[in-house]
There are 2 protein chains.
Amino acid sequence: MECETKQFRQEHKKEMRAVQDSMDVLSGKWKIPIISSICFYNKRRFSDILNDVDGISNRMLSKELKELELNKLIKRTVLDTQPVTVQYQLTEHGRTLKTIIDNLTEWGIAHRKKIIGR
Amino acid sequence: MECETKQFRQEHKKEMRAVQDSMDVLSGKWKIPIISSICFYNKRRFSDILNDVDGISNRMLSKELKELELNKLIKRTVLDTQPVTVQYQLTEHGRTLKTIIDNLTEWGIAHRKKIIGR
DNA sequence: CAGGATCCTATACGATACTG
DNA sequence: CAGTATCGTATAGGATCCTG
């Protein structure tokens, strides 16, 4: 079978690494809900996200936002208000996640029907 | 802003739940590599997958395969050999993941370029 | 060969209190 | 308001050995 050749195996390894790169960024309990919140409202402040994302603590939110920023998915802007507020928005690169999130949404709905039946 | 209405918030919550349903199934270190291995080779035995997926232990593989089967993504077949071998393949439902995996692959490549630069 | 049992570690995550 | 610090728990996952 052709897919047993070394070249095919190599291709497969590359693919797997790429998928894992994506999952490293997106997995965990909070990343996608956070991105989803910022994306949905376009611009969103720390405390707003804290409210949008059900059950998250400020410690986690702070930590996750930092990682997302490191990954260049979101942009952090300190607003000149009293007291200080901070605004988050998706970068161009962050917005490229929309397709994936849409796919995951669709699949999640189908999967729930398949497994739980509603 | 329209998106602040209650209905929109409700829609958003539904979406987030759906995405999380997907992530519950796919996240973790091994699920996608395992699916990817089975998908790539169409039919694959336990020990083959153990070899395909770099670094996984038999304990983990066994555990993950069970969960994937519970989620109706793979089918387990005991072959009548001596000693017994077991074959795994994707179900129809499991095959619907291909789009997502392809998306994640593509995005992973782009993301790596963006962050690491190669 | 395909797992199960056991033990262990590391990390994710939660709760609460505090600060510029 | 937007975090940080500290502490505690739960779960994911690793290593090794065992069995039908």
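Just so it is clear, the model here is predicted, and its values are computed rather than measured. Residue numbers start from 1 in every chain, and the chains themselves are labelled A, B, ... in the order their sequence lines are given, proteins ahead of strands.
The separation between B:Leu79 atom CG and C:dG3 atom P is 11 Å, rounded to whole Å. D:dA2 atom C1' lies 6 Å from atom CZ of A:Phe46, rounded to whole Å. Between the CG atom of A:Leu50 and the C1' atom of C:dA15 there is a distance of 14 Å, rounded to whole Å. To the nearest angstrom, C1' of C:dA2 lies 16 Å from CD of B:Glu64. Atom pair A:Leu68:CG and D:dG3:C1' shows a separation of 16 Å (rounding to whole Å applied). Per the geometry, CE belonging to A:Met60 stands 11 Å off P belonging to C:dA15, to the nearest Å. C:dG14 atom C1' lies 9 Å from atom CH2 of A:Trp30, rounded to whole Å. Between the CD atom of B:Gln87 and the C1' atom of C:dG3 there is a distance of 17 Å, rounded to whole Å.
Here NZ of B:Lys31 is found 8.0 Å from CG of B:Leu26. Values are rounded to the nearest 0.5 Å. Note that CG of B:Leu73 and CD1 of B:Ile34 are 11.5 Å apart. Values are rounded to the nearest 0.5 Å. Once rounded to the nearest 0.5 Å, the distance linking CD of A:Glu64 with NZ of A:Lys29 reads 11.0 Å. The CZ atom of A:Arg95 lies 7.0 Å from the OG1 atom of A:Thr91; values are rounded to the nearest 0.5 Å.
Taking 4.0 angstrom as the limit, B:Ser62 places a side-chain polar atom (N or O) nearer than this to OP1 or OP2 of C:dG4. OP1 and OP2 of C:dG3 both lie 4.0 Å or more from every side-chain N or O belonging to B:Lys66. Not one side-chain nitrogen or oxygen of A:Lys63 sits closer than 4.0 Å to the OP1 or OP2 atom of D:dG3. OP1 and OP2 of D:dA2 both lie 4.0 Å or more from every side-chain N or O belonging to A:Arg44. At C:dC1, none of the side-chain N or O atoms of B:Tyr88 fall inside 4.0 Å of OP1 or OP2 (strictly under the cut-off). Considering only side-chain N and O atoms, B:Arg45 lies nowhere under 4.0 angstrom from the phosphate OP1 or OP2 of C:dG3.
Distance from the side chain of B:Lys29 is smallest to D:dG14 among D:dG14, C:dG14, D:dA2.
Of the possible donor and acceptor atoms, none in the side chain of B:Ser62 sits under 3.5 Å from a partner among the backbone N and O of B:Asn58.
Summarising the local packing, CD of B:Glu106 is surrounded by 12 or fewer heavy atoms from other residues, nucleotides or ligands at distances under 6.0 Å.
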Heavy-atom protein contacts under 4.0 Å, nucleotides 15-20 of chain D, coded B base, S sugar-phosphate only, - none = BBB---
Apply the test side-chain contact (heavy atoms from CB on, under 4.5 Å) to residues A:His111 and B:Lys72: give CA-CA distance (whole Å), side-chain angles for both, the deciding distance (0.1 Å), then the verdict.
-> CA-CA 9 Å; A:His111 179 65; B:Lys72 296 181 182 170; over 6 Å; no
